[in-house]
Participant: 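Here you go, one structure.
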Protein chains: 2
Amino acid sequence: MYEILIENIFKKIVLNNDEQQLLKTFFIPKKLRKKQCLLQEGDVSKYLAFVEKGILRSYTVDEKGGEHIAEFAFEGWWIGDQFSFLTGEPSTYNIDALEDCELLLLTKQAEEQMLEKIPKMERFFRLLLQNHLIATQGRLVSSLSNSAEEKYKQLVNACPTIPQRVPQHMLASFLGITPETLSRLRKQISQRK
Amino acid sequence: MYEILIENIFKKIVLNNDEQQLLKTFFIPKKLRKKQCLLQEGDVSKYLAFVEKGILRSYTVDEKGGEHIAEFAFEGWWIGDQFSFLTGEPSTYNIDALEDCELLLLTKQAEEQMLEKIPKMERFFRLLLQNHLIATQGRLVSSLSNSAEEKYKQLVNACPTIPQRVPQHMLASFLGITPETLSRLRKQISQRK
DNA sequence: ATTTTTTCTTGATATAGATCAAGAGAAATA
DNA sequence: TATTTCTCTTGATCTATATCAAGAAAAAAT
């Protein structure tokens, strides 16, 4: 059950056996069925979630009801509203499951205890945040400088399986374009080949 | 000279006097004159910089020569290419000074030594990255969901002094719009009042 | 003080992508 | 298997923003 988590952590730091066993005690396993939600706008984000299985998305809803996907989280990724989790302020994000999911949840309290008992985890989370920041900055620059087509190509390039696992209109939302535009743009790409 | 740095660090963690003195030894003071650069695209990012005075920008240049500003860094902020600094890969960013600057530079080696000697700094950088990530995610969502005018208003709201300190065409680049559009949009806003 | 460079504005026109509308497949649910 | 819901496509039209061009104002350099 915790294999993927341990594996994920071992990519950045090393834990001895005692630490590994201790680590497990801080997480709460949770299953989420497709369409169920982990966080609703207006609630405080109580958990950081590690994804063992499935896909989730975090998104905001604008005044006109339009959804804007901030992130997807696949197996081996983490998801949560960092801001709300950190500050205890209500979240502006929604997080829900695109497939049946298996998660490992970490509460604020559990996180604090974990960092106290296993100080090495401080480093793990630092490196995790660093990678997350690098990816987010890259996406931001891309969103400011590339055309819709370029952004789509980059996405598929970075994550070739994503079109099979995520509905197209959600990819459009993630890229900041309309489903119609993405549909037309895909047609053009395929016709050019 | 290190007052602003110490103050910045104390917002997140506490250091005793010995630690404070030791901390200073890891940084290299550096002055940068307006228009001089700290990092050029293609070079490896050797430093993370803490800004004591002045403003810097990091930006990418596209195939057509267009500049896209990823970030500004004011007094009390940190700047650098996290990716290149972390991996040793050549950077895709340029960083230069918009005003005469005073910086405190941290090399990779100094960072490692610092984390070894003052493990609390691991937590400091984690929290720093967390805040940075929150801000970047917010900007990303805003860039995907808001109009040019909304983005400009949000920027000025978040940082009211920025129009006085940064040329307008650079604000446009930061927002991902053209200088002409920003000029017209500002005119409209002022006419409506 | 003059020249050069940078920055900002304004107009005319073009265009990428949005919006509105409708229908066709697919997939989930009953 | 029927039926409801979700997903994708295609067409017609609209609009926010880009592009091109030129000049004015401001700042920096000589």
Side-chain angles (χ1 to χ4, degrees), chain A residues 33-37 54-55 57 59 61-69 72 96-101 142-156 162-192, chain B residues 33-37 54-55 57 59 62-69 72 96-100 142-156 162-192:
Chain A
R33 305 215 54 196
K34 187 171 173 171
K35 291 198 184 174
Q36 286 185 318
C37 87
I55 312 179
R57 84 224 244 240
Y59 62 99
V61 180
D62 64 33
E63 323 79 56
K64 288 146 210 148
E67 294 181 358
H68 304 278
I69 296 181
F72 296 112
D96 60 26
L98 303 187
E99 297 176 356
D100 293 351
C101 287
S142 167
S143 87
L144 296 179
S145 46
N146 295 136
S147 69
E149 181 173 334
E150 284 166 332
K151 283 189 268 184
Y152 177 70
K153 280 181 174 170
Q154 271 183 255
L155 173 63
V156 174
I162 208 171
Q164 278 101 62
R165 297 190 65 184
V166 175
Q168 202 170 296
H169 68 276
M170 290 193 188
L171 296 183
S173 167
F174 180 76
L175 295 172
I177 62 180
T178 59
E180 294 94 331
T181 295
L182 182 53
S183 173
R184 281 187 255 262
L185 164 175
R186 276 168 44 88
K187 193 185 176 188
Q188 278 174 33
I189 293 173
S190 72
Q191 281 177 349
R192 275 203 297 267
Chain B
R33 306 215 52 197
K34 186 171 174 171
K35 292 199 183 173
Q36 287 186 317
C37 86
I55 311 178
R57 83 225 245 237
Y59 62 98
D62 65 31
E63 324 77 59
K64 289 146 209 149
E67 293 181 0
H68 304 278
I69 297 181
F72 295 111
D96 59 27
L98 302 188
E99 297 175 357
D100 293 352
S142 167
S143 87
L144 296 179
S145 46
N146 296 134
S147 68
E149 181 173 335
E150 285 165 331
K151 283 189 267 183
Y152 177 70
K153 280 182 175 170
Q154 271 183 254
L155 173 63
V156 175
I162 209 170
Q164 278 100 62
R165 296 191 66 185
V166 175
Q168 202 170 296
H169 70 275
M170 288 193 190
L171 297 182
S173 166
F174 180 76
L175 295 172
I177 61 180
T178 59
E180 294 94 330
T181 294
L182 182 53
S183 173
R184 282 187 255 261
L185 164 174
R186 277 168 44 90
K187 193 184 174 189
Q188 278 175 32
I189 293 172
S190 71
Q191 282 177 348
R192 275 203 297 267

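Everything numeric here is computed off the predicted structure, so don't read it as measured data. Naming convention: chains lettered A, B, ... in sequence-line order (proteins, then strands); numbering from 1 in each chain.
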Participant: When we call it a touch if two heavy atoms are under 4.0 Å apart, what does B:K34 touch: a base, just sugar-phosphate, or nothing?
Facilitator: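 Since only primed, P, OP1 and OP2 atoms lie under 4.0 Å of B:K34, the category is sugar-phosphate.
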Participant: Tell me whether B:D100 contacts the main-chain N or O of B:K34 through its side chain, where contact means a donor paired with an acceptor under 3.5 Å.
Facilitator: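 Checked: pair present.
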Participant: Between A:N146 (CG) and D:dT17 (P), how many Å, whole number?
Facilitator: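 These atoms are roughly 18 Å apart.
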Participant: Could you tell me the separation between the CZ atom of A:R165 and the P atom of C:dA27, rounded to a whole number of Å?
Facilitator: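 Between P of C:dA27 and CZ of A:R165: 17 Å.
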Participant: So, OP1 or OP2 of D:dC6: does either fall under 4.0 Å of a side-chain N or O from A:Q168?
Facilitator: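 It does not, given that no N or O in the side chain of A:Q168 lies less than 4.0 Å from OP1 or OP2 of D:dC6.
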Participant: Is B:G66 touching bases, backbone alone, or none of the nucleic acid, heavy atoms closer than 4.0 Å?
Facilitator: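 The answer is nothing, as B:G66 stays clear of every strand by at least 4.0 Å.
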Participant: Students often get this wrong, so: under 4.0 angstrom with heavy atoms, is A:L185 touching a base, only sugar-phosphate, or nothing?
Facilitator: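 Since no nucleic acid heavy atom lies under 4.0 Å of A:L185, the category is nothing.
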Participant: Give one of base, sugar-phosphate or nothing for B:K35, where a contact means two heavy atoms less than 4.0 Å apart.
Facilitator: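 If one applies the 4.0 Å heavy-atom cut-off, B:K35 turns out to touch the sugar-phosphate alone, with no base involved.
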Participant: Is the phosphate of D:dA16 approached by B:S147 (side-chain N or O, under 4.0 Å from OP1 or OP2)?
Facilitator: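 No, outside the criterion.
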Participant: Could you please name the option among C:dA18, C:dA21, D:dT19 that lies closest to any side-chain atom of A:E180?
Facilitator: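 Taking heavy atoms from C-beta onward, the closest nucleotide is C:dA21.
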Participant: Do any side-chain nitrogens or oxygens of B:S183 fall under 4.0 Å of OP1 or OP2 in C:dT9?
Facilitator: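 For B:S183, the contact criterion (side-chain N or O under 4.0 Å from OP1 or OP2 of C:dT9) is met.
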Participant: Can you tell me if B:K187 touches the phosphate of C:dT9, counting only side-chain N or O atoms and a distance under 4.0 Å to OP1 or OP2?
Facilitator: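 No.
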Participant: Can you tell me how far CZ of B:R186 sits from OG1 of B:T181, rounded to the nearest 0.5 angstrom?
Facilitator: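 If we round to the nearest 0.5 Å, B:T181:OG1 and B:R186:CZ are 13.5 Å apart.
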Participant: Looking only at the side chain of B:R186 (C-beta and beyond, no hydrogens), which of the listed nucleotides D:dA18, C:dA18, C:dT9 gets closest?
Facilitator: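 Given the options D:dA18, C:dA18, C:dT9, the side chain of B:R186 is closest to C:dT9.
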Participant: A:E149 has an atom CD; how far is it from atom C1' of C:dT15, in whole Å?
Facilitator: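 That distance rounds to 15 Å.
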Participant: Would B:E67 and B:R57 pass as an ion pair if we require N to O under 4.0 Å?
Facilitator: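 Looking at B:R57 together with B:E67, the answer is yes, because their closest N to O distance falls below 4.0 Å.
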Participant: Rounded to the nearest Å, what distance is computed from the CG atom of residue A:L175 to the P atom of nucleotide C:dA16?
Facilitator: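 Those two atoms, CG and P, are 18 Å apart.
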Participant: Report the residue (B:R184 or B:P167) whose heavy-atom-nearest nucleotide on DNA chain C is the more 5′ of the two.
Facilitator: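 Nearest-nucleotide comparison on DNA chain C picks B:P167.
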Participant: In whole angstrom, give the distance that lies between atom CD of B:Q191 and atom C1' of C:dT9.
Facilitator: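 Rounding to the nearest Å, CD of B:Q191 and C1' of C:dT9 are 12 Å apart.
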Participant: Could you tell me how far apart B:L182 (CG) and C:dT7 (P) are, to the nearest whole angstrom?
Facilitator: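 Rounded to the whole Å, the gap is 14 Å.
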Participant: Report yes or no: does B:N146 contribute a side-chain atom to a donor-acceptor pair with the main-chain N or O of B:E150 at less than 3.5 Å?
Facilitator: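 Absent.
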Participant: Nearest nucleotide by nearest heavy atom, which residue falls closer to the 5' end of DNA chain D, A:P163 or B:A148?
Facilitator: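 Closer to the 5' end of DNA chain D: A:P163.
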Participant: Using whole Å, report how far CG of A:L144 lies from P of D:dA18.
Facilitator: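 It works out to 11 Å between those atoms.
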Participant: Is the backbone N or O of A:I69 less than 3.5 Å from a side-chain atom of A:S173, with the two atoms forming a donor-acceptor pair by type?
Facilitator: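 Answer holds: yes.
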Participant: Is there a side-chain polar atom (N or O) of A:T178 under 4.0 Å from OP1 or OP2 of C:dA18?
Facilitator: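 For C:dA18, OP1 or OP2 has a side-chain N or O of A:T178 closer than 4.0 Å.
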Participant: Rounded to the nearest angstrom, tell me the gap between atom CD in B:Q188 and atom C1' in D:dT17.
Facilitator: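 Checked: the CD to C1' distance equals 11 Å.
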Participant: Tell me if a side-chain donor or acceptor on A:D96 pairs with a main-chain N or O of A:K35 at a distance below 3.5 Å.
Facilitator: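 Answer holds: no.
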Participant: Verify the contact: side-chain N or O of A:H169 to OP1 or OP2 of D:dC8, cut-off strictly under 4.0 Å; return yes or no.
Facilitator: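 For D:dC8, OP1/OP2 do have a side-chain N/O of A:H169 under 4.0 Å.
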